[in-house]
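Step one of this worksheet: look at the structure below.
Keep in mind it's a predicted model, so treat the numbers as computed, not measured. Just so it is clear, the values below take in all heavy atoms, side chains as well, and ignore hydrogens, waters and symmetry mates. Read the numbers this way: they start at 1 and go in the same order the structure lists the ligands and their atoms.
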Amino acid sequence: MRVLSGIQPTGRFHWGNYFGAIRQYIELQDQAEEAYYFIANLHALTTIRNREELWRNTLDAATDLLALGLDPGRATLFVQSDVPEVCELYWLLMTGTPMGLLSRCVAYKDKVAKGIGSDAGLFTYPVLQAADILAYDSNLVPVGEDQVQHVEVCRDLAGAFNAIFGEVFVLPKARVIDTSARVPGVDGEKMSKSYGNTLELFEEPGALKKKIMRIVTDSRPMEQPKDPESDHLYQLYSLFANDAQREEMAAFYRRGGFGYGEIKKALADLAMNYFAAARDRRKELEAKPEYVRQVLADGAAKARRKASAVLLRAQQACGVKP
Ligand code: ADP
Ligand code: TRP
């Protein structure tokens, strides 16, 4: 089994990215025969149009992933644009992509609905994502719920290509962490960089605590019990708590007689502790950026070897190479 996933360097990683995606990458690097993970800087170019910011985010993302436990000895970590074969494959796929398929993609529709100007890059974003996946003969794509549709598009495009040109591509499957992994933000909506409601993984402890203390809560009176499952503060707490802590907290909610401030403090303590080791590792990595770059260069070399073989297979199948 070959696992692959990509993550955009559009800002600092937050709890949603960790519990919805990154944690799975790290678990899977031990279970899969091969794991490929990349920083999707070409996809990020559809939203970030600032040279320094994109480059800094790319290195930050790589450093964060290594600090969180991605191990270059077990997984191949690289930057998307370091494998130009993917862009060639993108074109081969594009010629067989129905316009209607792309216009039904939720990620695109959402952005347009929010008034974010659309361009061909945003519209064809899922085709580049399909090329990312197919270029490495990936079997399994661990992603958050919101990306499942894009993996389905990839399967459709690969299936259509195979139907015309023969068995060229391996059809991948998405693997979603259970749906409760939809992490709420400080306002109770889905945590997302684009909603400005994130709690970042490597935020300064003081600043993080302040943000946690400002999590929006309702105006329920102290003594009134509350259903824990419907409360986003409890959902956030549960991400870090062990079973005993979670049950204790749930009982606390059902009993009533507590203020949200206490829960926020408990959440801040648990979260700080949970990421403490990663925070230390990140400090070490920050001191040796050349090491991070070397990991990315080695990863890209390995990824290119695989992608070139798959690209050649596709080129020969459709007649652009003898
Ligand atoms: P953002 O919405 O902050 O821009 P991305 O779209 O870059 O985040 O998401 C990167 C990965 O993290 C995706 O696989 C996505 O599904 C996952 N993810 C992002 N936000 C959440 C969330 N709130 N809960 C669960 N998973 C999430
Ligand atoms: N679109 C994905 C996201 O926003 C990132 C991504 C790009 C990706 N290429 C991919 C994810 C290939 C999985 C496989 O999260």
Side-chain angles (χ1 to χ4, degrees), residues 2-26 28 35-48 57-58 60-61 64-65 68 78-81 83 86-87 89-90 93 102 105-108 110-111 114 116 121-122 124-155 157-158 170 172-201 232 235-236 238-239 303 307:
R2 190 174 289 111
V3 168
L4 166 131
S5 198
I7 193 154
Q8 290 194 68
T10 42
R12 296 309 303 274
F13 291 142
H14 54 72
W15 294 1
N17 299 139
Y18 181 75
F19 290 101
I22 298 170
R23 189 172 63 168
Q24 291 191 82
Y25 300 172
I26 291 163
L28 282 167
Y36 287 82
Y37 297 123
F38 64 92
I39 320 286
N41 61 340
L42 295 176
H43 278 111
L45 205 48
T46 61
T47 46
I48 301 189
N57 283 357
T58 303
D60 270 339
D64 286 354
L65 292 172
L68 289 164
F78 59 101
V79 176
Q80 183 182 32
S81 61
V83 186
V86 166
C87 288
L89 197 54
Y90 168 55
L93 293 170
L102 297 183
C105 283
V106 181
Y108 164 74
D110 278 359
K111 287 199 175 142
K114 285 202 197 88
I116 300 172
L122 191 61
T124 61
Y125 178 117
V127 189
L128 181 60
Q129 184 160 349
D132 286 329
I133 297 171
L134 300 174
Y136 309 98
D137 284 338
S138 319
N139 309 105
L140 201 64
V141 186
V143 280
E145 224 179 332
D146 59 332
Q147 291 297 316
V148 173
Q149 188 185 34
H150 288 162
V151 181
E152 289 305 315
V153 167
C154 173
R155 286 177 63 90
L157 298 183
V170 172
K173 276 207 182 77
R175 186 182 116 158
V176 193
I177 213 165
D178 70 84
T179 46
S180 62
R182 182 184 176 281
V183 176
V186 294
D187 55 358
E189 297 300 312
K190 182 194 163 191
M191 187 178 290
S192 169
K193 276 162 276 197
S194 37
Y195 303 153
N197 63 357
T198 60
L199 295 160
E200 289 168 13
L201 295 180
H232 57 270
Q235 288 162 12
L236 289 171
S238 301
L239 295 171

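- Ala40 is linked by a side-chain contact (heavy atoms from CB on, under 4.5 Å) to Gln8, Phe38, His43, Gln80, counting only residues two or more places apart in sequence or in another chain.
- Atom CD in Glu152 sits 6.0 Å away from atom CZ in Arg155 (nearest 0.5 Å).
- Of the N or O atoms in Gln147, none lie within a sub-3.5 Å distance of an N or O in ligand 1.
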Verdict with reasoning, Val183 to Tyr18, per side chain to side chain contact (heavy atoms under 4.5 Å, CB included) = CA-CA 9 Å; Val183 176; Tyr18 181 75; over 6 Å; no
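- Among the atoms of Glu145, none of the N or O lies under 3.5 angstrom from an N or O of ligand 1.
- Close N/O approach between Asn17 and ligand 1 is found [any backbone or side-chain N/O within under 3.5 Å].
- For Arg182, every heavy-atom contact with ligand 1 shorter than 4.0 Å involves the backbone, none the side chain.
- By heavy-atom distance, the residue among Thr47, Asp146, Val148 lying nearest atom 6 (O) of ligand 1 is Asp146.
- Residue Met191 approaches ligand 1 through these ligand atoms, each under 4.0 Å from one of its heavy atoms: 20 (N), 21 (C), 22 (C), 23 (N).
- Atoms SG and CG, from Cys154 and Leu93 in turn, are 8.0 Å apart once rounded to the nearest 0.5 Å.
- Once rounded to the nearest 0.5 Å, the distance linking CG of Leu45 with OG1 of Thr10 reads 12.0 Å.
- Judged purely by atom type and a 3.5 angstrom limit, His14 uses its side chain to pair as donor or acceptor with the backbone of Asn17.
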Please tabulate protein-ligand N/O pairs under 3.5 Å for ligand 2, atom names and distances to 0.1 Å.
residue  : atom  : partner : partner atom : Å
ligand 2 : 1 (N) : Tyr125  : OH           : 2.8
ligand 2 : 1 (N) : Gln129  : OE1          : 2.9
ligand 2 : 1 (N) : Gln147  : OE1          : 3.0
ligand 2 : 4 (O) : Gln8    : NE2          : 3.1
ligand 2 : 4 (O) : Tyr125  : OH           : 3.1
ligand 2 : 4 (O) : Gln147  : NE2          : 3.4
ligand 2 : 9 (N) : Asp132  : OD2          : 2.8

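- Between His150 and Tyr125, the angle of the ring planes lies from 30° to 60°, which puts this pair in the tilted group.
- Contact check for Leu4 versus Pro172: no side-chain heavy atoms found under the 4.5 Å cut-off.
- Below 3.5 Å of separation, one finds no N or O of Val143 facing any N or O of ligand 1.
- Of the polar atoms of Ala21, none of the N or O atoms is found under 3.5 Å from an N or O of ligand 1, judged by distance alone.
- In terms of polar-atom proximity, Gly16 is counted as a contact of ligand 1, with an N or O under 3.5 Å from an N or O of the ligand.
- Evaluated by nearest non-hydrogen atom to atom 2 (O) of ligand 1, the leading choice among Ser192, Ser5, Ala174, Pro184 is Ser192.
- Contacts of Lys111 classified as salt bridge (Lys or Arg N to Asp or Glu O under 4.0 Å), with partners at least two apart in sequence or in another chain: none.
- Tyr36 places none of its side-chain heavy atoms less than 4.5 Å from the side chain of Val3.
- Judged as a side-chain contact (heavy atoms from CB on, under 4.5 Å), and not counting sequence neighbours, the contacts of Asn57 are Pro9, Ile48, Glu53.
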